[in-house]
Undergrad: 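This is the structure I have questions about; it appears just below.
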Amino acid sequence: MEVFFLESILNLVGFAVGIIIGILSYIGFRNTGSPTLFRLTLAFFSIGIGFMIMWLGITLDAYVFDPKEPQRWIQTIGIAVQTLGYFFIAFSHTIKSFFPRSNYLRSVGILPLFLISFTSIENVIRSISFILLAYGAIETMMSYFESRRKTAIFVAAGLALLGFGEFLGWYYFVFPQSILNIVSISIKITGLGLLFIPVTKVPLTKIKFDENL
């Protein structure tokens with residue numbers, strides 16, 4: 001029961017953080033007219049709504065459905081909605097070059113494709129999320145080495161933590177009774193927190209969001 005309450009609280013926190021960043025991104029879009037900020041608005045709203053759907057899923061499992069037979073399809077919908085948000089983030093940060101510029105990193109980036117488990121739709125969705133976030137993190141770090149903008153570090157670290165959180169969420173299927181899901185949600189919220197830092201500067205300064213980040 002303690003695990004249930006902790007997961008519920010973390011999902012609600014994730015929902016709040018995602019929606020707040022989405023609102024700030026929308027304010028930035030209204031101030032700058034940046035298409036990137038519009039995509040980020042959709043991304044963070046999707047991530048926040050995904051957290052809410054997953055909270056709804058575990059709540060229904062606890063109070064409506066049989067706890068011994070959880071309705072995983074609700075969780076799958078939540079993860080799919082978040083993956084849509086990750087796609088918008090990856091599209092925003094890597095629109096000019098979806099694959100890393102480095103041939104070495106490009107070859108390493110293909111590795112997750114061979115790790116996808118097709119035994120579960122949720123596994124496939126989480127694997128796609130991981131690949132999108134990994135590419136986004138790598139491309140953003142490559143951008144940092146070129147521009148030396150400090151905001152790129154926060155973006156890359158945030159995307160990397162989101163990707164690591166999705167990886168742990170995928171691994172949770174191997175040990176479903178462990179606390180990996182709680183750790184996964186916590187890491188994803190931390191990643192959103194890092195993305196929160198560069199986004200908050202946009203509405204305040206009313207400048208164009210760096211399309212390369």
Side-chain angles (χ1 to χ4, degrees), residues 14 17-18 20-22 24-29 31-47 82-116 126-171 183-184 186-213:
V17 174
I20 289 174
I21 301 177
L24 290 175
S25 298
Y26 179 72
I27 294 174
F29 166 70
N31 289 339
T32 65
S34 169
T36 297
L37 280 172
F38 177 72
R39 290 190 292 269
L40 291 178
T41 300
L42 298 177
F44 291 117
F45 275 129
S46 294
I47 294 173
Q82 287 192 334
T83 301
L84 179 63
Y86 299 148
F87 169 78
F88 282 118
I89 289 179
F91 186 68
S92 297
H93 295 295
T94 62
I95 185 173
K96 295 182 179 180
S97 177
F98 184 74
F99 291 96
R101 299 181 181 88
S102 168
N103 290 331
Y104 172 75
L105 291 176
R106 187 179 301 175
S107 62
V108 173
I110 296 176
L111 180 61
L113 293 174
F114 299 100
L115 300 179
I116 294 179
R126 284 191 183 276
S127 299
I128 294 173
S129 296
F130 176 78
I131 294 171
L132 289 172
L133 293 167
Y135 284 147
I138 293 172
E139 186 70 11
T140 305
M141 276 309 299
M142 297 294 290
S143 173
Y144 166 74
F145 291 134
E146 293 179 356
S147 65
R148 297 295 175 179
R149 294 179 182 272
K150 294 181 179 180
T151 53
I153 298 178
F154 291 103
V155 173
L159 293 177
L161 287 177
L162 284 171
F164 184 54
E166 287 298 331
F167 175 78
L168 290 181
W170 170 81
Y171 206 68
V183 176
S184 170
S186 300
I187 291 176
K188 288 165 64 176
I189 292 174
T190 303
L192 286 176
L194 290 177
L195 294 176
F196 176 82
I197 297 174
V199 171
T200 54
K201 298 180 180 179
V202 178
L204 297 178
T205 56
K206 294 187 178 181
I207 60 176
K208 281 284 186 179
F209 194 78
D210 192 343
E211 300 289 339
N212 291 324
L213 296 180

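Side chains are part of it too, since the values below use all heavy atoms of this structure and drop only hydrogens, waters and symmetry mates. Please read all numbers here as calculations on a predicted model, not as lab measurements.
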Undergrad: What is the distance from atom OG1 of T190 to atom CG of L195, rounded to the nearest 0.5 Å?
TA: 11.0 Å
Undergrad: Supply the atom-to-atom distance I27 CD1 to T32 OG1, rounded to the nearest 0.5 angstrom.
TA: 11.5 Å
Undergrad: Below 3.5 Å, can you tabulate the donor-acceptor pairs from side chains in residues 152-167 to any protein atom, sequence neighbours excluded?
TA:
unit_1	atom_1	unit_2	atom_2	d
E166	OE1	R126	NH1	3.0
E166	OE2	Y86	OH	3.1
E166	OE2	K188	NZ	2.8

Undergrad: With sequence neighbours excluded, what pairs up with F45 under the ring pair (Phe, Tyr, Trp, His ring centres under 6.0 Å) test?
TA: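 Result, ring pair (Phe, Tyr, Trp, His ring centres under 6.0 Å) vs F45: none returned.
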Undergrad: If you compare all heavy atoms of L42 against all heavy atoms of S46, which two are closest, and at what distance to 0.1 Å?
TA: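 Minimum heavy-atom contact is O-OG, 2.8 Å.
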Undergrad: Is any side-chain heavy atom of F44 less than 4.5 Å from a side-chain heavy atom of I89?
TA: yes
Undergrad: Do L24 and F196 have side chains that approach each other closer than 4.5 Å (heavy atoms only, starting at C-beta)?
TA: yes
Undergrad: Measuring from Y26:OH to N31:CG, what's the distance to the nearest 0.5 Å?
TA: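 Spacing of OH (Y26) from CG (N31) equals 10.5 Å.
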Undergrad: How long is the gap from CG on L84 to CG on L132, to the nearest 0.5 Å?
TA: 10.0 Å
Undergrad: Using 0.5 Å steps for rounding, measure from the CZ atom of F130 to the CG atom of L133.
TA: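 Going from CZ on F130 over to CG on L133, the span is 8.5 Å.
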Undergrad: Output all residues satisfying side-chain hydrogen bond (donor to acceptor under 3.5 Å, both in side chains) with S184, sequence neighbours left out; order by chain, then residue number.
TA: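 In terms of side-chain hydrogen bond (donor to acceptor under 3.5 Å, both in side chains), with neighbours along the sequence ignored, S184 is linked to no residue.
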Undergrad: Just how far is it from atom CD1 of I197 to atom CD1 of I21, taken to the nearest 0.5 Å?
TA: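 If we round to the nearest 0.5 Å, I197:CD1 and I21:CD1 are 9.5 Å apart.
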Undergrad: Walk me through whether R39 and T36 qualify under side chain to side chain contact (heavy atoms under 4.5 Å, CB included).
TA: CA-CA 5 Å; R39 290 190 292 269; T36 297; 3.3 Å; yes
